[in-house]
Every structure is written in C-alpha cells, then in structure tokens.
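This report refers to the structure that appears directly beneath it.
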Amino acid sequence: MFTFFSKKEFLVDHLEGFIDIHNHILPGIDDGSKTIEESIALIKGFGEFGVTNFICTPHIMHNFYDNTPKTVKRSYKTLKKELKENNLKTVGLSYAAEHMIDDNFEHILEKGKVLPLNSNHLLIEMSYLQPSINFDTAIKAMIKLQLFPVFAHPERYQYLNQDFKKYEGLKQQNIKFQLNMLSIGGYYGKEVQKTTMKLLDNELYDFIGSDVHNSQHLSALKNIQLKTATAVKVKKLINETQNTFSSQSGPN
C-alpha cells in the first residue's frame, strides 16, 4: 500500500485522525452492522489506517427503519459498553442519524425527534428511485430551524446526475453535499464515479464520509487509489470535515 514508486496515492493514507461523519456501524439497527461482533470488527478495521472517531448515522426511514432518538441511543450505549470490554479506549463514538426525506420527515422534524451531526448539521437523503415530492418544503423547514441540510452521497442519484444543473440548484438552496468515499473508487459504478469527479472538479462538495455498512465496504475503501490532482481535492474535504465536526463530544 505504501510505495514511493506508485503514481497514485491510497485514500486511507490520508485518513489518520479523521472523524467519520457517515457510517452504519451501530449494531442491529438498520442495513449496516448486524451484530456487536461485526461492529467491533469494523471499528478495528478502521483503526488499521488511523480512523478512531465516529459519528454513527443509522437510517431513520419511515416503514423501513423506524428508528427514534431512543432506539439509536440504546444501540449506541450497547456498542460503547462493548468498546470498554474490548479495551478500545481510544475510540471516540457519538451518534446522529441519516434521515430519509419521506412522508414522516417533517413530522419528526417538527417534534424535535431528528438527530443532527452536531448542533446544526442534519444528514439527509432521498430514495434512489425517485425524488422526494416534499424535498423543497423539507429543506425550507430545516433552514427555518437554523439547521444546515447535509445531502448524503448526491452523486448516487441517477435522476440528478442526468442533469448537472440540478446540483447547482440544490447548492443555491444552501444545501451542503457529503461525498461517499466509495464513490471515488467506482464502487457504485462508472456513472456514479464520473459524476463524483465532476462534482469534485466544480468544488460542489463540502464534506466526506465513508458510509461503510459492512466488511465488504471496508475492504473496498482500503483499495481506493487517487490521482495526485484528485488527492488534493479530497484532502481539502477531509480537512473541512475535520474542522467542522471534530468538536463533537458525543452524547452521554
């Protein structure tokens, strides 16, 4: 992995001390880690390249993953306890959520049952099949509450990447973009990778996260290589993510 003769750089070589703001390592709560053992294995795998701080972001998705602050906190506490028992004292763990913009989102937003990344950044997503009909009203509702919408993996939505101007329109709504690391390496396909590079070139991303769900994702992450010019842009996102979220102390 570490070689002076390679014309490319490995992404993980730039992640020492990084705080991962998007992942699914909390056990048994969504389509990510299924067991405590799997969660611990993922955390140890991240530790191999220096990532020991995580804001865990399980899905909140009506009728699929009906998580609440209570269920997320329960899973978080279970994992925290297991970290202590495994003597993983250097791991920093806190929790938020990845919120689907669906028919229930504005209800939980109004009731204060959303889980921001920190006090004022809220991780959101849409269905990959079709855009949310209430997306614009949801964005306005968030901004009214002084929350910054952070749009997870915008590069993965086919109905957006078919018309690049739609991305520019989203940015004009003060929406921040979070890049999935796996998108850079082509894990989700060539079209997604192409869109990723275009968004990077146009400096439309604000943050970066792993969105790791399982060991297959983690293995793919370890193999991502970057051209020098791409590495410069990605390192800028890493630094911005670090600067924005490193102060998150985590819930008790």
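All values below come from the heavy atoms of this structure, side chains included, with hydrogens, waters and symmetry mates left out. Since we're looking at a predicted model, the values are computed, not measured.
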Sequence neighbours excluded - salt bridge (Lys or Arg N to Asp or Glu O under 4.0 Å) pairs with any residue from residues 185-205 = Asp201-Lys233

Evaluate the side-chain contact (heavy atoms from CB on, under 4.5 Å) criterion for residues Leu42 and Leu218: first the C-alpha distance (whole Å), next the side-chain angles of each, then the deciding distance (0.1 Å), finally the verdict.
-> CA-CA 7 Å; Leu42 289 172; Leu218 189 60; 4.2 Å; yes

Heavy-atom count around [X] [atom1] within 6.0 Å, excluding the residue itself: above 12?
X      : atom1 : value
Lys34  : NZ    : yes
Gln146 : CD    : no
Tyr159 : OH    : yes
Gln158 : CD    : no
Ile133 : CD1   : no

Pick from Lys8, Glu9, Met197: which one makes a side chain to side chain contact (heavy atoms under 4.5 Å, CB included) with Lys227?
-> Lys8

To the nearest 0.5 Å, what is the distance between [atom1] on [X] and [atom2] on [Y]?
X      : Y      : atom1 : atom2 : answer
Asn180 : His153 : CG    : NE2   : 5.5 Å
Tyr187 : Leu221 : OH    : CG    : 11.0 Å
Thr35  : Glu82  : OG1   : CD    : 9.5 Å
Asn239 : Ile208 : CG    : CD1   : 11.0 Å
Arg156 : Leu182 : CZ    : CG    : 8.5 Å
Ile60  : Asp30  : CD1   : CG    : 10.0 Å

Would you say [X] and [Y] are hydrophobically clustered, going by side-chain heavy atoms of ILVMFWY under 4.5 Å?
X      : Y      : result
Ile143 : Val114 : yes
Tyr128 : Tyr167 : yes
Leu115 : Tyr65  : no

Within 45° cone of Tyr95 ring axis and under 6.0 Å: Lys73 NZ or CZ |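 That pair does not qualify as a cation-pi contact.
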
For a quick check under 3.5 Å, do [X] and [Y] share a side-chain donor-acceptor pair by atom type?
X      : Y      : value
Tyr157 : Glu125 : no
Glu155 : Ser183 : yes
Asn134 : Glu106 : yes
Asp31  : His59  : yes
Asp211 : His217 : no
His121 : Asn118 : yes

Would you name the heavy atoms of Ile29 and Pro58 that are closest together and state the gap between them?
->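 Heavy atoms only, the tightest pair is CG2-CB, 3.6 Å.
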
Minimum heavy-atom distance Ser210-Met181, with the two atoms named = CA-SD, 4.0 Å

Kindly indicate whether the side chain of [X], heavy atoms from C-beta on, has any atom under 4.5 Å from the side chain of [Y].
X      : Y      : answer
Ser75  : Pro27  : yes
Lys222 : Phe49  : yes
Leu93  : Leu83  : yes
Phe148 : Ile175 : no
Tyr205 : Thr196 : yes
Phe46  : Asp20  : yes
Asn23  : Cys56  : yes
Thr241 : Phe18  : yes

Does Asp13 come within less than 4.0 Å of Lys235, counting only side-chain N to carboxylate O?
->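 Salt bridge absent between Asp13 and Lys235.
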
Please step through side-chain contact (heavy atoms from CB on, under 4.5 Å) for the pair Leu237 and Phe177, ending with a clear verdict.
-> CA-CA 10 Å; Leu237 290 177; Phe177 285 2; over 6 Å; no

Mark yes or no for whether Ser132, through its side chain, and Ile101, through its backbone, hold a donor-acceptor pair below 3.5 Å.
->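 Yes, the answer is positive, given that a donor and an acceptor are paired below the 3.5 Å cut-off.
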
Counting only N and O atoms by type, is there a donor-acceptor contact under 3.5 Å from the side chain of Ser33 to the main-chain atoms of Ser39?
->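 Indeed, once roles are kept as given, a pair shorter than 3.5 Å links the two residues.
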
For the pair Phe54 and Ile21, evaluate side-chain contact (heavy atoms from CB on, under 4.5 Å) and give the outcome as yes or no after the intermediate values.
-> CA-CA 6 Å; Phe54 307 88; Ile21 66 167; over 6 Å; no

